[in-house]
Amino acid sequence: MRNFEYARPDTEAEALEFLADHQGQTAVLAGGTDLMNLLRADLVQPKRVVDLKPISSLREITAMDGGVKIGALVTLTELARDPMLADYRSLIDVVDGVRAVQVQSAGTIGGDLCHLPNCWYFRNGYGLLGIDGAESLVSEGDNRYHAILGNQGPAKFVNASRFAPSAIAWNAKVRIIGPAPDQAEWVPLEYFYITPKTNGQGNTILKPGQLVSHVWLPDPGVLTSATYEVLQMQGLDWPLASASATLDIENGLVREARIVMGHVAPVPWVAQEAARFLLGNPVNDDTAGRAADMAVARATPLSMNEYKVQLARTAVKRAVLKAAGQWEGVNLP
Amino acid sequence: MAERTIAWPKFGQAQILGKDTPRVYDGAKKALGLAKYAADMNTPGTLFARLLTSPHAHAIIKSLNVEPAKQVPGVKAVHVFRGVDTEVRWEGELIVAVAAERPEQAEDGLRAIAIEYEVLPHWVDDFDLAGAEAAKITDKGEPLKLTKSQGNQKKGDVEAALQEAKYVHKGTYGSAVITHMCLEPHGSHCEWKGDQLISHLSTQNVSGTAGQFAGPLGIEEAAVSINCEFIGGGFGSKFAADEWGIACAQMAKETGRPVRLMLDRGTELKVAGNRPSSLAEVTVACDADGKITAWDSNHWGTNGTGGGTVSLTVTPYVYDPPNRRRTATGIVTHTGPQRAWRAPNHPQACAYTQTAIDDLAAVAGIDSLSFVRKNLDITGRPAVYAAQLDIAAKLMDWQAKWHPRGKGQNGSVKTGLGLALHTWGGAAHAATCLVKVHPDGTVETFLGSQDIGTGIRTSIGVVAAETFGIPMTSVRVHIGSNKYPKAGPSGGSTTIGGVSGPVRRASQEALWQVLDKVAAKHSVDFATLAVKDSKVWSGDKEVCTWKQACSLLGPMGIEVRGEGPKDDGLTSAQVGGVQMAEVEVDTETGIVRMKKMVAIQDIGLVVNRLTAKSQVLGSLIMGIAYALSEERIMDPKTGRFINADLENYKLPRIGDVGELVVEFYEPESEYSRGVIGIGEPPVISPGAAISNAVANAIGVRVPILPLTPKRVLDAMKGA
């Protein structure tokens with residue numbers, strides 16, 4: 001690991017000042033579960049690391065504007081235990097799916113939302129796009145874990161965030177602060193992520209000197225939700241595909257639906273047609289299956305990942321059934 | 001009663017031997033973090049080394065300038081493994097080591113090195129035989145032939161047997177390359193005291209590595225001290241000093257400072273050994289009764305640049321049909337070299353043999369268990385397997401759970417059963433034990449052996465305590481130094497027999513010397529004497545305490561050496577084992593979950609039941625790993641080991657292993673064979689047993705291990 005300067009601000013404004021001093025050459029430390037890996041692998045080379053932990057405003061969960069505001073530094077464990085969040089089942093499902101107590105207690109929701117891709121070309125030093133010269137290593141290399149949707153441009157990694165699908169299915173917003181100390185703006189999480197065309201673009205709209213300070217979720221009301229992650233292993237493992245669904249079901253019929261897939265595209269993938277199909281229908285094996293078919297209908301698998309289409313389909317079907325209270329699991333441990 | 005015969009206690013009469021003995025000497029140390037591994041050594045002034053490795057699978061070093069590294073603050077030594085014009089033949093090959101006051105400074109040093117490569121074409125695909133034959137790869141300008149015949153052997157008349165057979169099945173089966181994934185990577189801490197090299201080496205070969213340091217360093221073997229009190233895994237990959245060990249010693253010499261050089265995780269996986277792959281095209285046939293009549297196979301795979309694959313000699317595995325043809329081809333790949341991996345060749349051969357045979361059973365419409373029973377006469381241990389199958393079937397509840405292939409439950413989740421058989425040697429290696437009996441009755445044993453995690457330290461204590469009739473806490477066990485009497489390397493399941501024989505022999509002879517003194521002093525007949533619960537008894541009459549007995553030895557006590565192996569019945573070889581697996585397959589995701597595994601193991605005489613059982617449990621878990629999730633993934637494009645980390649190289653956690661049931665097959669007939677090593681045999685069957693269970697569940701064979709969701713779904717789609 002290279003040497004870096006360690007900064008420990010007490011307020012959001014101070015944090016932004018620290019970021020502004022070394023614009024573009026800073027890293028933000030939240031839970032640190034991934035930043036440490038990135039630093040050790042020399043994939044990021046910040047001159048300064050700004051540790052957000054002392055900033056108390058980033059640790060709070062409070063009611064706000066007909067919803068709940070969650071500080072970016074709220075850990076997975078805190079998130080799962082907070083009574084204000086008990087009705088956001090799809091988020092709790094994600095915490096459960098992480099399974100590793102270490103990551104649950106150190107990892108933060110803000111860190112997860114900003115998690116850089118796990119693409120092994122990126123992690124081996126070939127940049128966000130996995131390009132060597134002008135060639136896409138991903139297209140011709142081992143792409144078993146890569147994108148099956150939104151992969152026609154140079155970006156073929158999958159978005160690594162585990163909370164993003166559920167949060168977007170809840171119509172979450174994120175609060176982006178900076179670069180000026182008084183600058184703050186709420187942005188729908190759906191529009192937070194981008195599919196980069198060049199390595200330097202990053203995979204979010206965050207600009208140098210900015211950071212995510214809070215997430216906002218609307219009141220759950222009568223909505224129900226669920227996340228289904230296809231996890232090969234029972235321990236800490238990245239989902240092969242995932243889906244989150246948020247549903248409003250009245251008199252047995254779907255009135256409102258949001259379905260978002262994870263780990264299938266460079267961004268969390270909103271399955272609009274699948275959600276639209278459910279409107280006015282009851283949720284059952286058949287309708288959930290048909291919605292799932294629609295969610296993956298436009299998939300463009302790469303040379304080695306056609307199986308992920310089936311996994312994404314299963315994730316959507318099971319997330320929808322689970323959100324409607326019709327999923328009893330596959331009697332697996 | 002004392003008899004002057006070297007032997008184990010009679011069946012059923014042992015006090016400690018064969019019982020559950022916890023790791024009294026080192027369990028707490030390990031649990032509390034007090035056990036010092038090579039990776040923990042940090043004597044004052046220790047320098048830390050980091051490695052520059054090749055990012056290319058195949059390249060020539062065109063220029064290398066390490067001078068800037070030497071200018072980096074804190075850097076004290078730079079060691080060049082491979083200089084200009086050297087060819088690197090796999091990603092991760094070591095190029096330069098830098099030692100510095102702090103690890104971070106060593107990394108700064110590495111970054112300061114200027115190196116240029118001429119990148120050459122590479123080949124890393126171990127299953128594409130036709131591609132390897134057609135590939136145009138050059139090696140220093142010369143065409144490089146990527147395929148090497150590994151032999152072609154024939155017995156009987158395969159063609160005629162195939163023609164006459166009632167059922168013939170053809171299929172493809174294989175297993176991917178896996179690594180050893182030692183929790184503690186390879187490496188050492190080296191320090192010089194005058195002309196003496198003191199190396200704390202993570203090794204399975206305490207008595208055998210001094211020469212490997214002495215030769216390259218130009219010093220006397222007697223000047224090398226090898227120390228390994230604890231080792232965090234080896235599995236066959238840690239027998240050598242290795243070039244990085246020599247480099248560590250050299251940098252220590254050059255700087256006059258201790259140096260610690262441990263491989264980082266990625267380099268560990270890339271250069272420190274792996275298990276060869278194999279893919280077999282198999283034709284296997286049986287008669288109307290289900291008796292296997294013919295085997296015809298051609299397999300290929302890689303062991304790295306050597307162009308080897310799984311040995312022909314274990315093909316087909318366990319079964320030896322009258323007509324057999326076997327051929328193999330090794331593929332040269334630009335990948336790190338193989339090293340022995342727990343039961344070399346057997347797991348892979350089992351995985352392509354007993355899957356093919358299970359498919360033949362399905363073709364013949366005979367249930368898997370009956371089919372195996374019908375063919376035990378062409379195995380090496382028919383009676384033992386037959387008895388083990390009965391025990392396993394009962395513990396698995398096979399009869400009740402069995403359904404024909406693919407004819408299980410409705411719904412998306414299917415369960416299935418599978419089984420496999422294995423065999424292994426496990427003979428004792430050469431070793432000498434020095435036993436000291438002190439006048440106060442305490443005992444010390446000295447062996448230049450090592451505890452590779454198996455609990456050998458405890459087992460040595462068990463044998464000594466059993467023999468002297470004293471508690472484990474009265475025995476001090478010394479291993480882990482090459483200054484003790486020589487003991488063989490821990491490989492091939494040879495250690496338990498290797499150490500228990502010499503310890504028993506030395507201890508029995510020492511005991512007899514003590515009892516001779518007691519007999520003389522108390523005027524009792526030697527033949528009536530025995531020690532139990534730290535007291536010397538003549539029949540049922542207490543003569544004296546063990547301590548009083550030992551005080552008769554005089555102030556120096558006694559020292560006795562025991563050697564081995566000997567032909568006195570203490571140790572033996574050859575075991576068989578049976579394993580059954582029950583799995584659950586989610587057919588909508590291709591995820592396989594273990595429900596239960598039953599392992600019945602032939603072991604001879606059990607020394608410590610707890611550690612013996614741990615060996616089998618560990619084997620099952622390691623077997624589940626290579627059956628379901630772990631594999632080396634070579635990226636065809638970059639030629640890199642692209643998942644050389646602990647996130648993408650997927651290993652099971654406790655939640656992935658299901659219920660594990662272990663039972664030893666140990667009637668008196670087995671006990672009387674003496675001690676046999678079983679570190680390896682139980683790791684052989686899981687691949688085939690689990691693959692068979694998955695085929696039974698979903699109705700199609702997933703040909704290649706590990707059975708990942710991708711492979712399961714691809715197989716189902718192709719069916």
Side-chain angles (χ1 to χ4, degrees), chain A residues 1-4 34 37 39-42 45 99-100 118-121 123-126 130 132 135-145 228-238 240-241 285 289 292 303-315 317-318 329-333, chain B residues 55 91 102-105 107-108 110-111 124 264-266 409 411-413 415 584-595 628-629 633-648 650-659 706 708-717:
Chain A
M1 199 184 286
R2 292 173 195 251
N3 275 335
F4 54 78
D34 194 42
N37 293 336
L39 288 169
R40 276 197 210 108
D42 208 24
Q45 292 133 17
R99 289 174 182 154
N118 293 312
C119 164
W120 46 33
Y121 294 101
R123 298 277 166 169
N124 274 286
Y126 296 100
D132 197 16
E135 270 185 314
S136 167
L137 299 175
V138 188
S139 295
E140 289 174 57
D142 196 309
N143 47 45
R144 71 185 71 190
Y145 298 138
Y228 190 92
E229 295 181 321
V230 180
L231 291 161
Q232 184 186 349
M233 310 302 289
Q234 290 285 306
L236 182 63
D237 195 13
W238 293 103
L240 296 168
D285 244 39
S303 59
M304 290 180 71
N305 67 5
E306 201 185 329
Y307 77 106
K308 281 191 65 170
V309 177
Q310 162 70 10
L311 298 184
R313 184 193 178 280
T314 303
K317 182 181 159 192
R318 291 180 181 179
V330 284
N331 58 32
L332 294 174
Chain B
E91 184 222 0
R102 294 289 315 145
E104 301 77 25
Q105 293 171 326
E107 286 171 19
D108 288 342
L110 294 181
R111 279 190 287 267
V124 295
D264 58 89
R265 178 60 50 191
Q409 310 80 337
S412 61
V413 178
T415 62
E584 213 164 39
V585 187
D586 183 341
T587 55
E588 290 183 352
T589 61
I591 292 173
V592 180
R593 296 260 187 255
M594 295 306 304
K595 287 191 79 175
L628 294 183
S629 59
I633 299 174
M634 294 306 303
D635 175 46
K637 191 70 192 155
T638 59
R640 299 181 74 162
F641 183 162
I642 200 83
N643 66 330
D645 58 66
L646 277 159
E647 282 189 24
N648 290 306
K650 297 190 180 193
L651 294 170
R653 310 303 211 279
I654 211 69
D656 293 301
V657 301
E659 182 191 357
T708 58
K710 172 176 165 55
R711 290 205 178 93
V712 172
L713 291 177
D714 287 349
M716 288 175 58
K717 199 166 184 183

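This one's a predicted model, so the numbers in the text were calculated from it and none came from an experiment. Just so we're on the same page: letters track the sequence lines, and every chain starts at 1.
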Toward chain B, the part of A:Asp42 with a non-hydrogen atom under 4.5 Å: side chain

Looking only at non-hydrogen atoms, find the nearest pair between B:Lys637 and A:Gly141 and report the distance. CB-CA, 3.8 Å

Report which part of B:Ile654 has an atom under 4.5 Å of a heavy atom belonging to chain A: side chain, backbone, both, or neither. neither

Closest heavy-atom pair and its distance - B:Leu713, A:Gln310: CD1-CG, 3.7 Å

Does any heavy atom of chain A fall under 4.5 Å from the side chain of B:Glu104, the backbone, both, or neither of them? both

From the list A:Val230, A:Asn124, A:Asn305, the residue making the most non-hydrogen contacts under 4.5 Å with chain B is A:Asn124

CH2 on A:Trp238 to CG on B:Asn648, rounded to 0.5 Å: 10.0 Å

Please state whether the side chain, the backbone, both or neither of A:Lys308 comes within less than 4.5 Å of a heavy atom of chain B. neither

Contacting region of A:Arg2 [heavy-atom separation from chain B under 4.5 Å]: both

Return the minimal non-hydrogen interatomic distance between B:Asp714 and A:Tyr307, and the atom names on each side. OD1-CB, 4.0 Å

Which atoms of B:Thr415 approach chain A - backbone, side chain, both or neither, heavy atom under 4.5 Å: neither

Which atom of A:Met304 lies closest to which atom of B:Lys710, heavy atoms considered: O-NZ, 2.9 Å

Stepwise side-chain contact (heavy atoms from CB on, under 4.5 Å) check, B:Thr708 with A:Arg144: CA-CA 11 Å; B:Thr708 58; A:Arg144 71 185 71 190; 5.7 Å; no

Can you tell which part of B:Lys717 gets under 4.5 Å to a heavy atom of chain A, answering side chain, backbone, both or neither? side chain

Within this structure, what is the CG-CG distance for the pair A:Asn37 and B:Asp645, rounded to the nearest 0.5 Å? 9.0 Å

Would you check if the side chain of B:Asp635 reaches a backbone N or O of A:Asp142 as a donor-acceptor pair within less than 3.5 Å? yes

Exercise: identify the closest heavy-atom pair between A:Gly235 and B:Arg653: CA-CG, 3.5 Å

Are any of the side-chain heavy atoms of B:Thr638 and A:Leu137 separated by less than 4.5 Å? yes

Please give me the minimum heavy-atom distance between A:Gln232 and B:Pro709, naming the atom from each residue. CD-CD, 3.5 Å

Report which part of B:Asp656 has an atom under 4.5 Å of a heavy atom belonging to chain A: side chain, backbone, both, or neither. both

I need the A:Glu229 CD to B:Thr589 OG1 distance, nearest 0.5 Å. 13.5 Å

With a 4.5 angstrom heavy-atom cut-off, could you sort out which part of A:Leu231 is near chain B: side chain, backbone, both or neither? backbone

Identify which part of A:Asp132 has an atom lying under 4.5 Å from any heavy atom of chain B, answering side chain, backbone, both or neither. neither

From A:Asn118 CG over to B:Glu647 CD, what is the distance, rounded to the nearest 0.5 angstrom? 6.0 Å

Would you call A:Arg40 and B:Asp264 a salt bridge, taking side-chain N to carboxylate O under 4.0 Å as the test? no

Quick check on the interface: out of B:Arg640, B:Met634, B:Glu107, B:Arg111, who has the most heavy-atom pairs with chain A under 4.5 Å? B:Arg111

